[in-house]
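The structure is given below, and queries will be raised subsequently.
Throughout, protein chains are lettered first and strands after them, A, B, ... in sequence-line order, and every chain is numbered starting at 1.
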There are 2 protein chains.
Amino acid sequence: MTSREMKNEVYSTIAGIAKAFSNPNRLEILDLLSNGEKSVEEVAAQTAISFANASQHLQVLKKARLVRLRKDGNKVIYSLANRKVAEAWTAIKNLAETVEPTIGLTLQQYRRARQTDQSICLTELDSARYQLLDVRPAGEYHYAHLPGALSIPVNELELRLAELPKEKTIVAYCRGTYCTMADAAVQLLRSRGFNAVRLEESPADASNPA
Amino acid sequence: MTSREMKNEVYSTIAGIAKAFSNPNRLEILDLLSNGEKSVEEVAAQTAISFANASQHLQVLKKARLVRLRKDGNKVIYSLANRKVAEAWTAIKNLAETVEPTIGLTLQQYRRARQTDQSICLTELDSARYQLLDVRPAGEYHYAHLPGALSIPVNELELRLAELPKEKTIVAYCRGTYCTMADAAVQLLRSRGFNAVRLEESPADASNPA
DNA sequence: CAACTATTCAATTAAATTATTGAACAGATA
DNA sequence: TATCTGTTCAATAATTTAATTGAATAGTTG
């Protein structure tokens, strides 16, 4: 094996794994799986990806060994292979937001239009004045959640407003920076007379700091 | 802007940047530029990439804003855009080596065959018994190097053996894990009666810890 | 100004990727 | 065993990407 042969093999192998990150649908799937394991069906439902296409992208991620699967009855449940997958994904997100400021501007524009661009950090939280609220599906809350957070999935929120303390500011969070469930929750809560803001961080960020 | 439109735009933008990492030639170029700025000519010479093709890959990296360029006379000099590029590249390398053990095995096989698989860590270094040796081209040494290291480019090594202390073990390093200049240096030094090993780390690793 | 150097651009070809469709398959349920 | 459900596979078409070649460009040197 010559030096050139060794390098070609090594760089090609790494490029093959990096290629798994090069498609927007797969990135969205990685963000989703960062919040807990999901069946193909759920992945397709939670994204705008067709069922067969979601399966195909999951195959690509599997071939790159970025995800694992287990079978549960006739379902196939996918999850991230290990912590380094989320770390690499975070590093790429970080890099992208640095070199391509339009990402931040797009987010800002989306949130400004909904008046949900205000957010507070975990370190500013004071349980006397704030109530953390996890608006993700219950399964994701059970997989991992921030200490002290209440779980009310955004689609049940309207029916369960009574569970929330009127006198505190509600701090809603969801899957991460690019997830919009917390925005919807904040808008709903405000329309019902609550004080509400988004949380700056997400559980996935918190366990995989930048 | 709907939630879906926002997500599509954000994930597509990030995927576009991630795509820049999905080609083996570009990864080799990133490793090269981690060791200091280079002209297109130098990039092509140091890799197995043709001149026009190197230029093309550099354009791709430029479009993804992973590299910057400056003009010097009639040369165009490329360098990494910022620290986060090297950080993301390191995260990807780390991930790849974890999920794809063949990378490590290939490296090991290459070095075993040359008896250069032995290496020592920076923390084990004791300047009374070891002499650090930087065998990269002089320009890369001047861009950044480890404290206490001597600079003798590997292609000049044979003529400059007299500059090395016979009684110490020579610890050679080059561009990084996948660079083979230190292996060549260790082989040459041993054939001339020196004690020599590779250094585990590289300057790029040292300034961008995993 | 002519010749030279370093680089980029344009055109081409071969190969890979993406999304869609519908068929195939494997496990669970009746 | 027949049927249903969740998933994968195979075939296709549209789009991208990669490498090669040679021409074009911009700055420098004689």
Side-chain angles (χ1 to χ4, degrees), chain A residues 4 7-9 11-30 32-33 37-79 139, chain B residues 4 7-9 11-30 32-33 37-79 139:
Chain A
R4 176 46 44 196
K7 286 179 190 171
N8 285 350
E9 184 167 331
Y11 284 114
S12 296
T13 304
I14 304 179
I17 288 163
K19 194 170 288 184
F21 289 94
S22 72
N23 175 280
N25 287 335
R26 288 198 290 273
L27 295 183
E28 191 167 357
I29 291 174
L30 289 178
L32 201 53
L33 296 183
E37 59 178 21
K38 296 265 184 307
S39 68
V40 182
E41 194 183 24
E42 285 175 291
V43 168
Q46 298 279 337
T47 59
I49 312 172
S50 77
F51 190 82
N53 199 206
S55 172
Q56 221 166 261
H57 282 302
L58 285 164
Q59 301 297 313
V60 174
L61 291 171
K62 188 179 94 188
K63 206 172 285 174
R65 310 205 203 207
L66 267 45
V67 301
R68 269 194 301 231
L69 58 83
R70 67 181 180 86
K71 299 207 176 182
D72 176 22
N74 56 354
K75 292 192 184 178
V76 178
I77 314 278
Y78 284 88
S79 56
Chain B
R4 175 46 45 197
K7 286 179 190 171
N8 285 350
E9 185 168 330
Y11 284 115
S12 296
T13 305
I14 305 178
I17 288 163
K19 195 170 288 185
F21 288 95
S22 72
N23 175 281
N25 287 335
R26 287 198 290 272
L27 294 183
E28 190 166 358
I29 291 174
L30 289 179
L32 202 53
L33 296 184
E37 57 178 24
K38 296 265 184 308
S39 68
V40 182
E41 192 182 26
E42 285 175 292
V43 168
Q46 297 281 337
T47 58
I49 312 172
S50 78
F51 189 82
N53 198 205
S55 172
Q56 221 166 261
H57 282 303
L58 285 164
Q59 299 298 314
V60 174
L61 292 171
K62 189 180 92 187
K63 205 172 287 175
R65 311 204 204 207
L66 266 45
V67 301
R68 268 195 301 232
L69 57 81
R70 68 180 180 87
K71 300 206 175 183
D72 176 22
N74 56 353
K75 292 191 183 180
V76 179
I77 314 279
Y78 284 88
S79 56

- Query: Which is true for B:Ser39 with a 4.0 Å heavy-atom rule: it touches a base, it touches only sugar-phosphate, or it touches nothing?
  - Reply: sugar-phosphate
- Task: Take A:Asp72 and A:Asn25, find for each the nucleotide of DNA chain C with the closest heavy atom, and name the residue whose nucleotide sits nearer the 5' end.
- Result: A:Asn25
- Item | Short side-chain N/O contact from B:Asn74 to OP1 or OP2 of D:dT29, under 4.0 Å | no
- Task: Would you indicate what A:Ser50 reaches in the nucleic acid, counting non-hydrogen atoms under 4.0 angstrom: base, sugar-phosphate, or nothing?
- Result: sugar-phosphate
- Could you give me the CA-CA distance, side-chain angles and deciding distance for A:Leu69 and A:Leu58, then say whether side chain to side chain contact (heavy atoms under 4.5 Å, CB included) is met? CA-CA 10 Å; A:Leu69 58 83; A:Leu58 285 164; over 6 Å; no
- Query: B:Glu28 CD to D:dA19 C1': how many Å, rounded?
  - Reply: 16 Å
- What heavy-atom pair brings B:Val67 and B:Tyr78 nearest, and what distance separates the two atoms? CG2-CD2, 3.7 Å
- Query: Is the distance from OP1 or OP2 of D:dT17 to the nearest side-chain N or O of B:His57 less than 4.0 Å?
  - Reply: no
- Message: If the cut-off is 4.0 Å, is B:Asn23 near the phosphate of D:dA18, judged by side-chain N/O to OP1 or OP2?
- Response: yes
- Would a 4.5 Å heavy-atom cut-off, applied to side chains only, mark A:Arg65 and A:Ile17 as touching? no
Pull out every protein N or O sitting under 3.5 Å from an N or O of nucleotides 8-16 of chain D, one pair per line with the distance.
residue: D:dT8; atom: OP1; partner: A:Tyr78; partner atom: OH; Å: 2.8
residue: D:dT8; atom: OP2; partner: A:Ser55; partner atom: OG; Å: 2.9

- Query: Does any non-hydrogen side-chain atom of A:Leu66 lie less than 4.5 Å from one of A:Leu33?
  - Reply: no
- Note on the structure: Closest non-hydrogen contact found for A:Phe51 with A:Glu41 is CE1-CA, 3.5 Å
- Smallest heavy-atom separation, B:Glu37 atom then B:Arg70 atom, equals OE2-NH2, 2.6 Å
- Item | Short side-chain to backbone donor-acceptor contact, B:Arg26 and B:Lys19, under 3.5 Å | yes
- Message: Using every non-hydrogen atom in the two residues, find where B:Ala20 and B:Ala64 come nearest and quote the distance to one decimal.
- Response: CB-CB, 3.7 Å
- Message: Below 4.0 Å from chain A heavy atoms, what is the first contacting nucleotide of DNA chain C and what is the last?
- Response: C:dT17 to C:dA28
